[in-house]
Structure formats: structure tokens, C-alpha cells
Amino acid sequence: MSVNIKVDLNNPVQTDFLGNNAVYHGYAGMPDKDGRVYNDELCEIEADRAAALGLRITRTFYKWWAWDSNTDTWDWDNEVMTAFYKWLKRMKDRNIQVALNTGWCMPGDVNEVGGFNGKSPFKVEGNWMASVKKYAEWVSETLHQLIEVRGFTNITYIHLFTEPQYGTKFNYQIDNKHAYELWFDCAKAVTEQLIADGRRNLVKIIGPNEGSTATSIMNKWVAENADEYVDVYSSHNYQDFIVDEAPDKIPGKALVFNMPGARVQQEVSIEPNTNYVMETELSATLKDKLTASGNVVIGAWSCERLGNYFSIESGGQPTGRLNEKSTTLIDVVDLSYEKKKFSFTFNSGDASKCVIGIFSDLKGEEDKLKAYSCTLKKEGRAENIFLYPDLTEIRLGYGLFNCPDPIEYIPLAWRNSGCSKENAISDPYYHLGGCAKTTINYVPKNKPVWFDEYNVRAEKDSYHTPIHGTHLAASMQSLMNSGIQSSLMWTLFDQQWPNNHCTNNDCFVDGDHRCGIMPVLTRSLVPHPGYYAVALVMKFMGGDPGTYIYEGEGKNLVHATVSKMPDGNFSVLVINNKLQPDEFSIDFSEIVGLKLNRYVYDPETIVPDETATLIESDSVFEVQNKLSDKLPAGAVAVYTTY
């Protein structure tokens with residue numbers, strides 16, 4: 001069935017788009033104690049490919065590499081810094097701007113409390129603010145050494161830490177301050193130090209770099225308390241569900257839990273010492289009931305961990321349940337393809353509020369839980385106090401129900417590990433874009449918003465598969481259509497972290513972080529298939545200052561994005577997320593009057609090779625006020641004047 005999409009060329013969602021960019025650490029050529037180092041040729045190949053993709057801005061990890069911990073002195077020309085300078089020059093030679101992550105762990109990189117970067121040169125024992133002062137001096141000296149002394153004027157941004165809100169997970173007991181306030185101290189100190197040293201004009205400050213949260217509530221807090229210390233607001237999230245086109249014979253829509261750990265939750269006010277009845281309608285799609293494992297947990301949890309955004313826990317984690325009898329398990333064998341009601345009664349004890357929720361721990365790779373409704377009532381009463389009992393009223397992608405103040409409430413913050421609305425299909429388009437819109441709504445309208453990390457985490461062991469390229473492109477499209485100024489994919493390439501031998505479920509294999517669109521070049525010169533899909537979006541959708549972006553929200557897994565560039569170029573991105581070919585038509589609000597070259601990424605036919613030659617145009621379309629075409633399953637297509 002053909003999908004019709006309307007694009008209003010009089011109503012851009014962004015008028016200063018800076019491109020689909022990426023995290024790409026400056027590790028190439030850095031020394032490694034085991035000799036896992038790129039030679040000059042490989043360093044150049046990697047940089048050339050970054051430029052060929054259309055990368056305009058890269059975010060890189062940056063540590064106090066100039067510090068000698070043995071002598072407690074600074075050497076800005078040591079072996080590590082020299083290698084980093086060479087990387088910076090390669091970026092400058094290719095007109096790629098750099099955003100330095102000046103500090104990663106908060107507060108660990110300042111005073112060694114938490115984090116993974118080890119001994120800090122800034123720590124002043126027992127004195128947080130003195131440590132912050134030394135950290136701010138290092139940031140300023142970094143800009144002096146790298147920009148003013150060595151001329152790396154392509155360093156135009158700094159990120160202040162990564163995911164600083166996770167300080168709320170730990171009881172740091174630093175001056176009785178919340179994690180937000182600790183970050184505030186650093187942002188204020190850096191700003192004041194740069195002003196005092198005459199360097200504030202050298203870079204724009206990006207923050208707070210809030211990570212993997214459903215509601216971007218730290219961005220809201222910073223907007224209200226620290227706006228003067230931020231030039232660009234940012235947050236990030238990861239796409240955790242993928243396209244599902246299995247037909248659903250049950251009428252109506254459902255909230256689908258696609259992965260173990262998926263949850264849906266809402267804070268509610270309750271009366272102490274009162275019995276409450278929770279009822280939910282569930283079904284499950286199970287590959288094999290005899291081998292299926294796991295369970296579903298429903299009930300009430302304490303509100304104490306809301307600041308950490310994961311308020312309900314189960315599946316082997318400390319549960320934080322409201323009381324000993326406030327949750328119950330539903331075994332996987334009690335679920336079926338047909339809708340079934342589950343009812344559970346609990347007593348509130350001395351609580352006046354709780355988090356009511358559903359937690360899925362179905363462990364089969366193809367097993368999915370579906371929730372159709374959820375109610376919470378006083379025992380013997382008809383009034384439901386659970387907002388939006390029809391779970392399909394969820395604003396998919398925002399990760400929350402409508403609520404008066406998400407700082408105080410997280411009325412439907414499901415952990416983004418596999419919840420989606422479904423009516424025969426699940427559309428990944430809405431997730432990341434919805435998260436970005438939430439952040440945009442929280443910050444001042446005169447400040448840009450970046451989405452500083454993303455990827456399709458559900459495919460972390462399948463980044464080499466062709467469909468991963470489609471899903472990355474869909475993430476970019478969703479973010480462009482949300483109105484953000486720039487997005488940064490995590491990560492551009494697989495990279496060997498120097499002196500690192502970590503292997504874990506975060507895609508590290510002996511220190512090789514394998515979540516990019518190209519393997520470490522000592523393993524292979526052949527890119528992953530997704531390289532070619534990402535190239536179409538990065539290269540042709542623009543990103544020079546003054547680029548306009550227009551939203552083309554479609555339906556049935558087919559969406560569009562239009563970009564107008566200041567040099568007059570015009571591009572249309574269309575993605576078919578379906579598992580079968582489909583036709584589309586785009587109606588433009590005004591005459592376009594252009595010849596557009598078509599470039600198509602087809603996951604079924606793409607054949608990567610070590611030349612990494614990008615996809616070429618296969619046809620030309622004369623476009624007036626309508627563009628129509630038919631695309632293969634999973635296709636990423638760009639129609640452009642390039």
C-alpha cells in the first residue's frame with residue numbers, strides 16, 4: 001500500500017542544521033603497551049573515510065594525557081599528546097570540527113569518587129571546590145595549548161562530562177550536593193576561568209550531556225539554574241527496539257515489551273494502610289512455550305529511586321518494591337497469545353505514593369510481552385487512579401505520560417529497553433526523535449539542542465548486518481525531523497582503546513570497541529554494510545550553518561526528511577523500514593522544480609569491499625511538487641541535487 005507524505009516547505013523544524021555527525025575518538029596512532037597501533041597509512045585511511053562520509057563535527061574522549069602522575073608535572077609534548085595532535089591535524093586538514101570531552105566521569109574525573117579514569121591530577125583531598133578549580137584551570141590550559149599555541153582552531157566545542165546525572169545513583173556525600181549541583185559547580189568554574197583567561201570565545205560549551213534518560217530532566221534543571229553556562233544543550237539515548245512486522249490478530253493496539261528489562265511505570269498518589277487492586281491485560285508471543293523462560297512482575301515500587309530514572313527493578317536486581325507483598329510474579333507459562341487479565345491486590349502500608357508498573361523479564365530472543373491496559377483502584381471502588389489506562393495512549397518515544405511537572409513526577413518513564421506501540425507493526429522512527437523533542441521542549445528557545453549519542457543497542461552483536469544500516473539511517477531521520485541542531489552517532493568506527501583489554505557486553509572485545517560502521521583497520525579494510533547507508537545520510541543531507549530541515553512524517557514505517565542547503569542544494573531522504581518493498585509519494589507544499597539524482601542503499605544487494613567506494617546515483621527524477629517511487633525492503637534512498 002502506497003504511503004503518502006506531505007512536506008510543508010514553509011515550516012522548517014530547524015534553520016541551522018549542523019549535520020549528522022559522530023563520536024570518533026582521537027585514538028588513531030596513539031601508543032599502546034602491546035603495540036596495537038595504526039601506522040601512518042592506516043591513520044590516513046581512517047581520516048579519509050571520515051571525511052568521505054561527510055563528517056562535519058566529531059566528539060572525542062579527551063583525558064589529562066599531558067600529566068605525568070609520577071612527577072606531578074605537565075608535559076604537553078609527550079608521546080600521547082603528540083599522537084593526539086597528529087589526529088587533530090588530520091581532522092583540521094579535512095575541515096572536521098572537534099568537540100573535546102573535557103572530563104568524562106562526574107565527579108570521578110575531578111576528585112576520583114567514581115568513574116573509570118583512575119588517579120586525577122585535580123583532586124584536593126577533602127576539598128571539592130578546590131578540586132573543581134584545578135579542573136577548570138586544566139580546561140582553560142587545554143584550550144591554550146591546543147588552540148592558541150598549536151593552532152588547532154578546528155576545536156570549536158567542549159563537552160563537560162558524560163551522563164553526569166548518574167551521580168544520583170551513588171551516595172557520594174560531596175558537600176551534601178546532588179549530582180546536578182556538582183556538575184553546576186564545574187560548569188560555572190570552567191566558564192569563569194575561561195572568561196578570566198580571555199578564552200571563553202574560543203569554544204562553545206555543550207552540556208549537560210545527560211544520558212539514556214527518559215525525560216531529560218537534568219536538561220530542564222540546567223535550563224532553570226545554569227543556562228548562562230551552556231551554549232548548546234544535549235542529551236542522548238539508544239534505540240532499543242527494532243522493526244516487528246509480525247501480524248497481530250488481536251484487535252486494537254498494545255504496548256510491546258521487546259527485550260528483557262523493558263518496563264512501564266507511573267508514579268501515583270495513594271492512601272496509607274489501604275488495599276489497592278492492580279489489573280492488567282497481557283498477552284505474549286512466544287517462540288516455544290516449552291523452552292520459554294522468565295516472568296513478568298506487576299505491582300508497586302518505592303519512589304525513592306526516581307531521580308535515577310529506573311524506578312522499578314527486577315530480573316535479578318534489587319527490586320525496591322514498596323513492601324514485601326507489593327509485587328507479584330507472572331510465570332511465562334501463564335501467558336498466551338490471547339489477551340488475559342491478571343489481577344493483584346496489595347496494601348500500601350505507610351506509603352502515600354508509589355510507582356505502579358509492569359516489568360518484563362521474558363528472556364527468549366523472539367519472545368514479546370504485550371500490554372493492553374492497566375488500572376489501579378482502591379479495593380471495592382470503581383475509580384481508576386492510573387493515568388491513561390489504555391497503554392496505547394502513550395506518546396511513543398517521549399517515554400512518559402502527559403504530566404504537570406516531570407521534575408517531580410515521572411508518570412510513565414519506561415526504561416528504553418524495548419517498549420513500543422504496536423498495531424501489527426512497531427515503528428522505530430518515533431523513539432529517538434521523541435526523546436529529542438522532550439529535551440527541546442525543556443530548554444530556552446534561543447539555545448540549540450544536540451543529541452550527543454545514539455545507536456541501535458538491540459543490535460549490539462549484529463552491527464555487521466545490512467539491516468543495521470537501515471536502522472541507523474532511521475535514527476538519523478527521526479532526530480533530524482525532531483528539530484535538533486546536530487546528532488552524534490556512537491560511534492563512527494570501531495576503535496582500539498589504547499592500553500585497554502576490556503571485554504564486556506558494551507561491545508568491547510579486548511579493548512576493541514566494536515559498535516561502529518567500520519572495523520578496526522588492522523582487522524579488515526572492508527567496512528560494515530551500514531557504512532554505505534550512513535554515508536548517504538551524512539553526506540547528502542547537509543550540515544553547513546544555515547541548512548534548513550523539513551519534517552516528512554509518514555506512516556506504515558515509511559518517512560521522509562527534506563534539507564535545503566545555503567548553497568542551493570536540495571535533498572530528500574526516504575526510508576522504507578518495512579520488510580517488503582513499498583511505494584511512496586511526497587507532496588510538497590510548493591513547486592520544487594528540480595532534477596534530483598537518486599542514491600539507494602538496499603540491504604539485500606549491498607556488497608562492501610575494501611575500497612569503501614560510496615553508492616552511486618542510479619536514476620534521475622524530475623520533481624515539481626510531487627515525488628513518487630517504489631523502494632526495496634529496508635531501503636535508504638536520497639534524492640538530491642548533488
Side-chain angles (χ1 to χ4, degrees), residues 11-23 54-60 96-102 154-165 183 187 190-191 194 200-211 213 215-237 397-398 432-454 475-490 537-538 541-551 561-566:
N11 187 28
V13 295
Q14 174 59 247
T15 59
D16 193 32
F17 182 61
L18 299 184
N20 294 283
N21 295 299
V23 176
L55 183 69
R56 291 167 170 81
I57 302 171
T58 183
R59 169 188 168 207
T60 177
I96 297 173
Q97 297 178 61
V98 173
L100 293 180
N101 234 120
T102 48
N154 55 322
I155 298 173
T156 49
Y157 302 93
I158 58 173
H159 287 259
L160 297 184
F161 307 101
T162 293
E163 301 184 353
Q165 84 287 347
W183 182 90
V190 166
T191 300
L194 293 180
R200 180 63 181 87
N201 65 317
L202 295 179
V203 293
K204 291 183 177 180
I205 296 175
I206 305 172
N209 313 313
E210 182 177 7
T213 53
T215 57
S216 296
I217 57 176
M218 185 174 180
N219 273 265
K220 188 175 190 296
W221 186 91
V222 170
E224 295 170 347
N225 296 278
D227 180 61
E228 62 189 295
Y229 307 124
V230 173
D231 298 311
V232 179
Y233 284 83
S234 76
S235 65
H236 64 257
N237 219 316
Y398 283 69
L432 296 185
C435 294
K437 286 179 180 179
T438 301
T439 306
I440 291 170
N441 289 336
Y442 286 162
V443 307
K445 300 307 178 186
N446 64 329
K447 294 287 182 75
V449 173
W450 288 15
F451 209 79
D452 58 62
E453 290 180 28
Y454 68 90
S475 298
M476 294 181 189
Q477 181 177 61
S478 175
L479 290 167
M480 279 188 285
N481 282 355
S482 74
I484 52 91
Q485 187 183 57
S486 180
S487 65
L488 295 100
M489 181 176 65
W490 182 284
V537 184
M538 272 192 175
M541 296 308 289
D544 294 324
T547 296
Y548 279 47
I549 297 294
Y550 303 85
E551 180 183 11
T561 304
V562 174
S563 64
K564 281 185 178 180
M565 284 143 269

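Evaluated for a side chain to side chain contact (heavy atoms under 4.5 Å, CB included) with Arg59, the options Leu100, Asn209, Thr162 yield exactly one hit, Thr162.
Among residues two or more places apart in sequence or in another chain, the side chain to side chain donor-acceptor pair (under 3.5 Å) test is passed with Thr102 by none. A search for ring pair (Phe, Tyr, Trp, His ring centres under 6.0 Å) contacts involving Tyr454 returns nothing, not counting sequence neighbours. Considering only residues two or more places apart in sequence or on other chains, Asp452 meets the side chain to side chain donor-acceptor pair (under 3.5 Å) condition with Ser234, His236. For the side-chain contact (heavy atoms from CB on, under 4.5 Å) test, residues two or more places apart in sequence or in another chain that qualify with Gln97 are Ile57, Thr156, Tyr157. Residues forming a side-chain contact (heavy atoms from CB on, under 4.5 Å) with Asp231 (at least two apart in sequence, or on another chain): Arg200, Lys204, Ile205. Residues satisfying the side-chain contact (heavy atoms from CB on, under 4.5 Å) test with Arg56, not counting sequence neighbours, are Asn21, Asp544. Tyr229 pairs by the ring pair (Phe, Tyr, Trp, His ring centres under 6.0 Å) definition with Phe184, not counting sequence neighbours. Scored by the side-chain contact (heavy atoms from CB on, under 4.5 Å) test, Asp16 finds Gln14, Leu18, Gln485, Pro545 as partners (sequence neighbours excluded).
A distance of 6.0 Å separates CG of Leu488 from CH2 of Trp450, quoted to the nearest 0.5 Å. One distance of note links CE of Met489 with CG of Asn20; it measures 9.5 Å at 0.5 Å rounding.
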What verdict does the side-chain contact (heavy atoms from CB on, under 4.5 Å) test give for Asp227 and Tyr233, after you've listed the backbone C-alpha separation in whole Å, the side-chain angles of each residue and the deciding distance to 0.1 Å?
CA-CA 9 Å; Asp227 180 61; Tyr233 284 83; 2.7 Å; yes
